[in-house]
Peer 1: 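This structure is in structure tokens; I'll ask about it shortly.
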Amino acid sequence: MKAKRMKEKKKHSKKVIMLVIVLLLLAIIGTAGYFIYNNLNNSKEENPLLEDKDALGMKLKNITIEEQDGVYVFKAQVENTLKEKFEKQSVQIIFRDETNQKVVKYQYIIEDLERGETQDIEIQTSEPLNEFYTFEIKKVV
């Protein structure tokens, strides 16, 4: 009788241990999944380089930087949020490091934009733009 009871206790203990192991694995997998999901979803919000910006009184949005075979492609959309038409202007896009020093500048022309219209901006360069901290757009004077 005692032997049968001991066997049942061992069986029960094994089941409890297995249940604890399964729960621990689920907790580890869930935690890892949470961190991976948050890093993927928050990477844009935590990177000042890719945050929406104001530029010349207009809105700059959908900012991306992609690297393709050593060529860095900067893309953004400028939306005329002014109360009037934006007249074609030559601008400088200035990328800065974390110390806010001027690092690299690119000339660009923003075409005429009626109120509410958008224009795509695209720059291709060998400069690793994704390493910069932020950028701004200024009129060329």
Peer 1: Please round to the nearest 0.5 Å and tell me the distance separating atom CG of N100 and atom OG1 of T134.
Peer 2: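 It is 8.0 Å, given to the nearest 0.5 Å.
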Peer 1: So how far is it from I29 CD1 to L24 CG, rounded to the nearest 0.5 Å?
Peer 2: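 The CG atom of L24 is 11.0 Å from CD1 of I29, to the nearest 0.5 Å.
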Peer 1: What distance do D54 atom CG and E136 atom CD have between them, rounded to the nearest 0.5 Å?
Peer 2: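 Here the interatomic distance stands at 12.0 Å.
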Peer 1: Establish, yes or no, whether a centroid distance under 6.0 Å links the rings of F135 and F74.
Peer 2: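 Yes, the ring centres sit under 6.0 Å apart.
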Peer 1: Check whether any side-chain N or O of R115 sits under 3.5 Å from a backbone N or O of E84 as a donor-acceptor pair, and report yes or no.
Peer 2: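 Side chain of R115 to backbone of E84, a donor-acceptor pair under 3.5 Å: no, none is there.
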Peer 1: Report yes or no: does T81 contribute a side-chain atom to a donor-acceptor pair with the main-chain N or O of G57 at less than 3.5 Å?
Peer 2: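 It does hold such a pair.
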Peer 1: Please check this pair: side chain of D112 against backbone of K88, looking for a donor-acceptor N/O pair closer than 3.5 Å.
Peer 2: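 Between the backbone of K88 and the side chain of D112 there is a qualifying donor-acceptor contact (under 3.5 Å).
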Peer 1: Just so I know, are the side chains of I63 and E51 near enough to count as touching, which here means a heavy-atom distance under 4.5 Å?
Peer 2: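 No - every pair of side-chain heavy atoms lies 4.5 Å or more apart.
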Peer 1: Which is it for V73 and E122 under the side chain to side chain contact (heavy atoms under 4.5 Å, CB included) test, yes or no, and what are the steps along the way?
Peer 2: CA-CA 7 Å; V73 181; E122 184 174 317; 3.9 Å; yes
Peer 1: Show the nearest heavy-atom pair for residues K59 and D52, with the distance to one decimal.
Peer 2: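 Taking K59 first and D52 second, the nearest heavy atoms are CE-OD2, 3.8 Å.
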Peer 1: Working note: F95 + L129, criterion side chain to side chain contact (heavy atoms under 4.5 Å, CB included); need CA distance, chi angles, decisive distance, verdict.
Peer 2: CA-CA 8 Å; F95 289 85; L129 297 177; 4.0 Å; yes
Peer 1: Are any of the side-chain nitrogens in K75 or D120 under 4.0 Å away from the carboxylate oxygens of its partner?
Peer 2: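 Salt bridge absent between K75 and D120.
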Peer 1: Drop me the distance from T64's OG1 to L50's CG, to the nearest 0.5 angstrom.
Peer 2: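 Reported value, rounded in 0.5 Å steps: 7.5 Å.
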Peer 1: To the nearest 0.5 Å, what is the distance between CD (E117) and CG (N80)?
Peer 2: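 Interatomic distance, E117 CD to N80 CG, rounded to 0.5 Å: 8.0 Å.
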Peer 1: Distance from F86 atom CZ to Q119 atom CD, nearest 0.5 Å?
Peer 2: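 Rounded to the nearest 0.5 Å, the CZ-CD separation comes out at 8.5 Å.
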Peer 1: Hey, does I94 have a side-chain heavy atom less than 4.5 Å from the side chain of K138?
Peer 2: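 Yes. Closest side-chain heavy atoms under 4.5 Å.
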Peer 1: Please step through side chain to side chain contact (heavy atoms under 4.5 Å, CB included) for the pair K105 and I93, ending with a clear verdict.
Peer 2: CA-CA 6 Å; K105 299 177 185 180; I93 302 175; over 6 Å; no
Peer 1: Once ring-ring contact (aromatic ring centres under 6.0 Å, His included) is applied, do any residues pair with Y72, and if so which ones, sequence neighbours excluded?
Peer 2: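 Per chain and number, Y72 pairs via ring-ring contact (aromatic ring centres under 6.0 Å, His included) with no residue.
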Peer 1: Keeping the roles fixed (side chain from Q68, backbone from V71), state whether a donor-acceptor pair exists under 3.5 Å.
Peer 2: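 Answer holds: no.
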Peer 1: Verify side chain to side chain contact (heavy atoms under 4.5 Å, CB included) between V78 and I110, making sure each step is shown before the conclusion.
Peer 2: CA-CA 9 Å; V78 62; I110 298 178; 4.2 Å; yes
Peer 1: Does this structure show an ion pair linking E79 with K61, if we count only N-O contacts that are shorter than 4.0 Å?
Peer 2: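 Result for this pair is yes, salt bridge flagged.
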Peer 1: Has the side chain of K53 got a donor or acceptor atom that lies under 3.5 Å from a matching backbone atom of P48?
Peer 2: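 At least one qualifying donor-acceptor pair exists.
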